[in-house]
Protein chains: 2
Amino acid sequence: MSPKTLKIDKLPTIRRLPAYLQILRALSVKGEEFVSSAYLADQMQIEAILVRKDLELTGISGTPRVGFRVQDLIAAIEKFLGWGRVLDTCLVGAGQLGAALLGHRELNQFGIRIVAAFDTDPVKIGSSLHGVTVFPLSRLSELLKRLTILLAIVCVPPDVAQMVVDQLVEGGIQAVWIFTSANITVPEHVIFQREDLLSGLAVLSARLTRIGPNGSST
Amino acid sequence: MSPKTLKIDKLPTIRRLPAYLQILRALSVKGEEFVSSAYLADQMQIEAILVRKDLELTGISGTPRVGFRVQDLIAAIEKFLGWGRVLDTCLVGAGQLGAALLGHRELNQFGIRIVAAFDTDPVKIGSSLHGVTVFPLSRLSELLKRLTILLAIVCVPPDVAQMVVDQLVEGGIQAVWIFTSANITVPEHVIFQREDLLSGLAVLSARLTRIGPNGSST
DNA sequence: TGTATCGTGTTATATGATAAACAAATATCA
DNA sequence: TGATATTTGTTTATCATATAACACGATACA
């Protein structure tokens, strides 16, 4: 009877927030104090009205003929996403994609700090990737409890994904961000977000083979 | 006057197609001949009615009390996405993310073949990543014309992204799949798809900090 | 052979997201 | 100081997507 998905409003808006944030930070660096919805719209390649709607969600209001205060917007978005303070995370599966995420500059810029990595490969275990130690997967539960880790980034092969997630859940993880396309189930209280690279490729392919140029870029 | 975004119908459906495809292939390997929308719905963690709506797009119709023919669905989805035959692509920016994509097994499974990589790092140039030779970026236009490359995968830092894309366009590229969050513009005739890792993290963070567990997983 | 059942296809409704239209507010300039 | 232009906020309309309701068709079984 309970719905499979709990509704979250404004999901498309939330997806756009990081992009706003990056533009705003660039403006901040340049010393700009105000920004108009028209400018943001141009940068985002969307309509200005949509920008204003989106910003509504942050609770910040602009002033007519002036625009929005850059600093306020940055603070509001960061607060909304919880990106103000650092969030300790771990990486499970230190393969190439995992390593890439570890080194991803933007991730660190948004309060994500990976404090431990786990893998089964004896060669990797004990080594350091981008300053993060790789532990054996067997120590996952133990370290999960010792360190204060709320979020896990999972980049393991599909066939072991469910097992890894189960261990994470058992270790008390609160959120899982997974880059594996496999049918994973988690308990209701665990936040679960799958990233599917192929879905983006699909819309690109569809355009390439049938529809033709330039559509929306969600 | 022309709209910034040309509407494409059924975009969410298209994003789900690769996931269907993977499930169907697994069934095919197991020798299953038919599949019901209920089964697919369960695997995808969506409603069965949505599955049927999605499959409608492929043109395949099921038979009552039996379901859909697995092989037909696979063929139809592949045809829809143009994933039946191999699509030659190149990778620009052979950093960690680029290397990860190169080695990504699933990409190869779906008809994407990377035939050349480009980078500016002298150390990487001339070497081979996963069997793909890394060329200097300066040879981009030249090789683009010699090889038959329709799609480019771009994984370069934001500050050089526009320049790289410009070169690709000049070299006659038809589609660009870019993993950099920067304000890129392309001519109308070029298909352009940006992949934003941060957007997924944003919805996860939003749930983690304010809303709570499990929502839809687009 | 006829009936019950189950899964699909179709039609209709509801929700949510984007765009448009308009009103209110503030800086600029005469 | 007052008029104007510009940018925001609000309301309304349109469009896209997801869900629901129902009818149809095929199989299974008596």
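Order of the sequence lines fixes the chain letters, A, B, ..., with proteins taken first and strands second; residue numbering starts at 1 for each chain.
- When heavy atoms are screened at a 4.0 angstrom cut-off, A:Leu50 is found touching the sugar-phosphate backbone but no base atom.
- Atom CD1 in B:Ile49 sits roughly 9 Å away from atom C1' in D:dA21 (whole-Å rounding).
- Taking the side-chain hydrogen bond (donor to acceptor under 3.5 Å, both in side chains) definition, one finds that A:Glu78 meets it with A:Arg25, sequence neighbours left out.
- Contact annotation: A:Arg16 does not reach the phosphate of C:dA17 (side-chain N/O to OP1 or OP2, under 4.0 Å).
- For the pair A:Trp83 and A:Pro18, the tightest heavy-atom approach, listed with the atom from each and the gap, is CH2-CG, 3.9 Å.
- Within residues 23-33 of chain B, no residue has a heavy atom under 4.0 Å from DNA chain D.
- Residues satisfying the side-chain hydrogen bond (donor to acceptor under 3.5 Å, both in side chains) test with B:Asn108, not counting sequence neighbours, are none.
- To the nearest angstrom, P of D:dA18 lies 12 Å from CD1 of B:Ile14.
- Regarding A:Phe34, its CZ atom lies at a distance of 13 Å from the C1' atom of D:dT8, rounded to whole Å.
- Pairs engaging residues 147-164 of chain A under the side-chain hydrogen bond (donor to acceptor under 3.5 Å, both in side chains) rule: A:Gln162-A:Asp166 [sequence neighbours left out].
- With sequence neighbours excluded, the residues that form a side-chain contact (heavy atoms from CB on, under 4.5 Å) with A:Asp119 are A:Ala94, A:Asp121, A:Lys124, A:Val134.
- Here A:Ser37 does not reach the OP1 or OP2 of D:dT7: none of its side-chain N or O atoms lies under 4.0 Å away.
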Show me the donor-acceptor pairs within less than 3.5 Å that the side chains of residues 176-185 of chain B make with the rest of the protein, sequence neighbours left out.
{"unit_1": "B:Trp177", "atom_1": "NE1", "unit_2": "B:Glu195", "atom_2": "OE1", "d": "2.7"}
{"unit_1": "B:Thr180", "atom_1": "OG1", "unit_2": "B:Val156", "atom_2": "O", "d": "2.5"}
{"unit_1": "B:Ser181", "atom_1": "OG", "unit_2": "A:Gln22", "atom_2": "OE1", "d": "3.0"}
{"unit_1": "B:Ser181", "atom_1": "OG", "unit_2": "A:Gln22", "atom_2": "NE2", "d": "3.2"}
{"unit_1": "B:Ser181", "atom_1": "OG", "unit_2": "A:Glu106", "atom_2": "OE2", "d": "2.7"}
{"unit_1": "B:Asn183", "atom_1": "ND2", "unit_2": "A:Gln43", "atom_2": "OE1", "d": "3.4"}

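- Of the residues in residues 51-75 of chain A, those with a non-hydrogen atom less than 4.0 angstrom from any atom of DNA chain C are A:Lys53, A:Pro64, A:Arg65, A:Val66.
- Residues in residues 15-66 of chain A take part in no ring pair (Phe, Tyr, Trp, His ring centres under 6.0 Å) pair, two or more places apart or across chains.
- Every salt bridge (charged side-chain N to carboxylate O under 4.0 Å, His left out) that B:Lys145 has, sequence neighbours left out, goes to B:Glu170.
- Of the candidate nucleotides C:dT18, D:dT17, D:dT19, D:dT17 has the atom nearest to the side chain of B:Leu11.
- Across the helix from C:dT1-D:dA30 to C:dA30-D:dT1, the helix axis at one end is tilted relative to the axis at the other end by 0° (nearest 10 degrees, each axis from five pairs).
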Throw together a table of side-chain donor-acceptor distances under 3.5 angstrom for residues 61-77 of chain B, partners on residues two or more places apart or in other chains.
{"unit_1": "B:Arg69", "atom_1": "NH1", "unit_2": "B:Glu33", "atom_2": "OE2", "d": "2.8"}
{"unit_1": "B:Gln71", "atom_1": "NE2", "unit_2": "B:Ser28", "atom_2": "OG", "d": "2.8"}

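- In this structure, the side-chain contact (heavy atoms from CB on, under 4.5 Å) partners of A:Ala99, at least two apart in sequence or on a different chain, are A:Leu129, B:Gln96.
- At a threshold of 4.5 Å between non-hydrogen side-chain atoms, the residues B:Thr89 and B:Leu150 do not count as touching.
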